[in-house]
Amino acid sequence: MKQIGLLRALALTRKANKMSNQERIALQQRRLKELIAYARKNSSYFSKLYKGIDKDCPLSEYPTTNKADMAKHFDEWFTDRSITRDIVDSFMSDLSNVGKKLNGKYLVYTTSGSTGTPCIVLYDDTTINVSSAIGVLRSFARKEDMRLFMQSGGKALALFADNGFYLESGSGKYQLRKMPWKKRKMKALDVRKSNSEIIALLNAYQPSMIGCYPSAMEILAAKQEKGNLHIRPAMIMTGGEKLNDDVREYLSKVFGCYVQTNYSCTEGGTVACECTERHFHINDDWIIVEAVDENNQPVPFGTQSAKVLLTNLANKICPIIRFEITDRIILHKEPCACGNSRPWLTLEGRTDDILVFGNGIKFASLPLYAILKEVQGIERFQLIQHENDRLELWLIAKNKQEQFAKAKQAIEAHLRQNGVDAKIYLSNSDPSADPISGKFKHVVAKKS
């Protein structure tokens with residue numbers, strides 16, 4: 001399989017930017033046909049799955065796939081048949097391998113497992129380079145922000161959970177390994193560090209652009225207002241959570257810069273890029289997005305889906321074809337005022353809460369989520385805040401008492417280093433979705 005280099009990926013992505021809708025969709029369909037043919041030939045799983053299906057039938061007639069299918073058929077899924085679960089698990093058992101290539105060929109990423117079992121995805125050079133090309137050419141909603149970023153020093157900082165093979169941390173470490181001379185211009189910081197450590201590092205580094213969870217940036221904005229933090233980024237790019245309008249405006253006011261987000265996931269990379277109208281325009285030359293109901297049937301334009309079926313046209317080592325993603329979206333066909341003719345969507349996104357304790361100290365949900373996610377043996381969890389700084393932990397685990405003890409110790413240590421003494425106790429109930437919205441939150445704040 002011939003790989004697409006970075007320069008070629010940039011050229012192809014730039015060329016697609018200038019295509020008409022008809023030309024771009026024709027390109028998409030050619031790439032889809034190539035992907036399906038390659039998966040049929042080289043993946044034993046897809047060879048069996050697509051047996052008897054006409055190669056010229058539309059995508060909607062192909063069966064859907066999901067994380068459970070991948071986990072069950074892991075050794076059959078990949079088009080490089082030397083890849084096995086044992087090999088991948090052994091590689092991932094060593095966190096020093098984050099940002100390194102498995103067998104010198106593939107980056108390994110895992111989803112957060114926010115809706116159950118995590119999904120392991122491999123990226124080959126083509127997938128890596130296409131993702132980079134989209135990031136360079138399409139991620140900035142305004143051209144002037146790229147210019148301001150460079151004029152203010154071009155120093156980028158990623159403030160995310162840095163404790164696993166996640167897309168944000170893994171891609172950043174890969175770039176630093178590949179281009180070590182950029183260490184002065186690129187830095188990754190673990191969002192689970194204490195607030196005092198994060199503030200000190202930010203004040204010392206003075207980033208030109210910050211990538212971070214919105215909830216964590218909201219807490220940092222409060223520190224900036226109080227005079228503890230003194231930074232002036234040219235750009236803030238949030239991810240990992242929904243960026244609500246009120247948070248966006250608050251961050252923009254406090255830091256004096258443009259604030260935006262994009263729609264990304266491990267399975268698809270940057271699925272859609274935000275424009276100045278705050279619409280997510282789908283990168284449809286490389287990604288196909290289907291908005292469907294609970295039974296994987298298409299929903300009309302303007303109707304919220306129950307989930308998404310995602311097809312990643314750039315990834316041939318790990319075929320992602322009509323793959324179920326639990327995000328809820330609304331697809332739109334009306335023109336966007338920004339002038340971009342690509343189809344666009346609106347996204348419900350994650351809605352985990354910020355915890356506020358009795359002494360006024362605030363905690364973003366994602367660092368707490370990241371801590372609990374790393375406790376081995378926990379299959380699913382939910383942390384709920386109650387009055388008097390009490391935290392109730394709901395668990396599904398192989399040995400609930402043992403996993404609770406480990407989780408309690410880890411959370412308490414993190415809270416204490418930030419000045420909070422909370423009481424954590426184990427619930428008799430299992431984690432559950434909100435009965436009204438159907439949305440699952442890992443971290444739930446007390447009601448005011």
Side-chain angles (χ1 to χ4, degrees), residues 138-160 168 187 189 191 193-264 272-281 336-338 344 346-357 359-368 418-419 443 445 448:
R138 299 177 184 168
S139 62
F140 287 85
R142 308 188 311 176
K143 291 182 179 179
E144 60 262 38
D145 292 312
M146 170 67 88
R147 185 178 66 254
L148 288 170
F149 165 60
M150 298 307 296
Q151 289 175 347
S152 61
K155 296 166 68 175
L157 182 134
L159 183 60
F160 295 103
E168 297 93 347
K187 189 176 289 292
L189 182 57
V191 74
K193 289 182 177 292
S194 68
N195 289 333
S196 59
E197 285 182 277
I198 291 173
I199 290 168
L201 288 166
L202 284 172
N203 283 335
Y205 185 60
Q206 289 296 310
S208 308
M209 180 170 67
I210 301 175
C212 187
Y213 307 123
S215 58
M217 280 308 305
E218 187 177 0
I219 291 171
L220 289 175
K223 301 296 183 182
Q224 179 99 344
E225 283 190 307
K226 291 179 179 179
N228 299 321
L229 185 62
H230 309 280
I231 58 173
R232 282 294 171 190
M235 174 77 184
I236 293 174
M237 181 76 74
T238 68
E241 298 172 321
K242 182 179 180 180
L243 176 60
N244 292 318
D245 287 343
D246 58 340
V247 174
R248 187 197 300 260
E249 302 306 330
Y250 175 54
L251 297 179
S252 181
K253 177 184 176 182
V254 172
F255 292 108
C257 67
Y258 192 71
V259 180
Q260 70 164 93
T261 188
N262 283 312
Y263 173 29
S264 300
C273 297
E274 189 182 59
C275 71
T276 52
E277 298 296 314
R278 301 179 181 178
H279 297 156
F280 292 111
H281 289 272
C336 179
C338 79
W344 56 278
T346 48
L347 175 69
E348 182 181 54
R350 294 181 185 171
T351 55
D352 283 1
D353 297 333
I354 288 180
L355 306 188
V356 183
F357 291 91
N359 53 7
I361 294 178
K362 295 181 179 180
F363 273 86
S365 59
L366 264 294
L368 295 171
N418 285 287
V443 180
S448 57

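Remember, predicted model here, so these are calculated numbers, not experimental data.
- Rounding to the nearest 0.5 Å gives a distance of 9.0 Å between OG1 of Thr346 and CZ of Phe280.
- In this structure, OG on Ser264 lies 8.0 Å from CD on Glu168, to the nearest 0.5 angstrom.
- Ring orientation note: the planes of Phe363 and Phe357 are nearly perpendicular, at an angle over 60° on the 30°/60° scale.
- For the atom pair Asn262 CG and Phe140 CZ, the distance stands at 9.5 Å (nearest 0.5 Å).
- Nearest approach of Phe160 to Cys212, heavy atoms of both residues: CZ-N, 3.3 Å.
- Contact of the Asp245 side chain with the Arg278 side chain is registered, since non-hydrogen atoms from C-beta on lie closer than 4.5 Å.
- When all heavy atoms are compared, the tightest approach of Val259 to Leu251 is CG2-CB, 3.9 Å.
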Working note: Ile210 + Tyr205, criterion side chain to side chain contact (heavy atoms under 4.5 Å, CB included); need CA distance, chi angles, decisive distance, verdict.
CA-CA 11 Å; Ile210 301 175; Tyr205 185 60; over 6 Å; no
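- The two residues Asn359 and Gly419 come nearest to each other via the heavy atoms ND2-O, 2.9 Å.
- Counting only heavy atoms from C-beta outward, the side chains of Cys257 and Ile236 approach each other to under 4.5 Å.
- Under a 3.5 Å cut-off, the side chain of Thr238 and the backbone N or O of Tyr213 do not form any donor-acceptor pair.
- Atom CD of Gln260 is separated from atom OG1 of Thr276 by 10.0 Å, given to the nearest 0.5 angstrom.
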Cut-off 3.5 Å, no hydrogens considered: what does the side-chain donor-acceptor table look like for residues 219-227, sequence neighbours left out?
from	atom 1	to	atom 2	distance (Å)
Gln224	OE1	Ile231	N	3.3
Gln224	NE2	Ile231	O	2.7
Glu225	OE1	Tyr250	OH	2.7

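- Asn203 contributes a side-chain N or O that, together with a main-chain N or O of Asn228, makes up a donor-acceptor pair within less than 3.5 Å.
- We find the CE-CE distance between Met235 and Met150 to be 14.0 Å, quoted to the nearest 0.5 Å.
- At least one side-chain heavy atom of Phe255 sits under 4.5 Å from a side-chain heavy atom of Met217.
- Listed here is the closest heavy atom pair of Cys336 and Cys275: SG-SG, 3.7 Å.
- For the atom pair CD1 of Ile354 and NZ of Lys362, the computed distance is 6.5 Å after rounding to the nearest 0.5 Å.
- Across all non-hydrogen atoms, the minimal contact from Gln206 to Arg232 is OE1-N, 4.0 Å.
- Counting all heavy atoms, side chain and backbone alike, Ser208 lies closest to Phe149 at CB-CD1, 3.6 Å.
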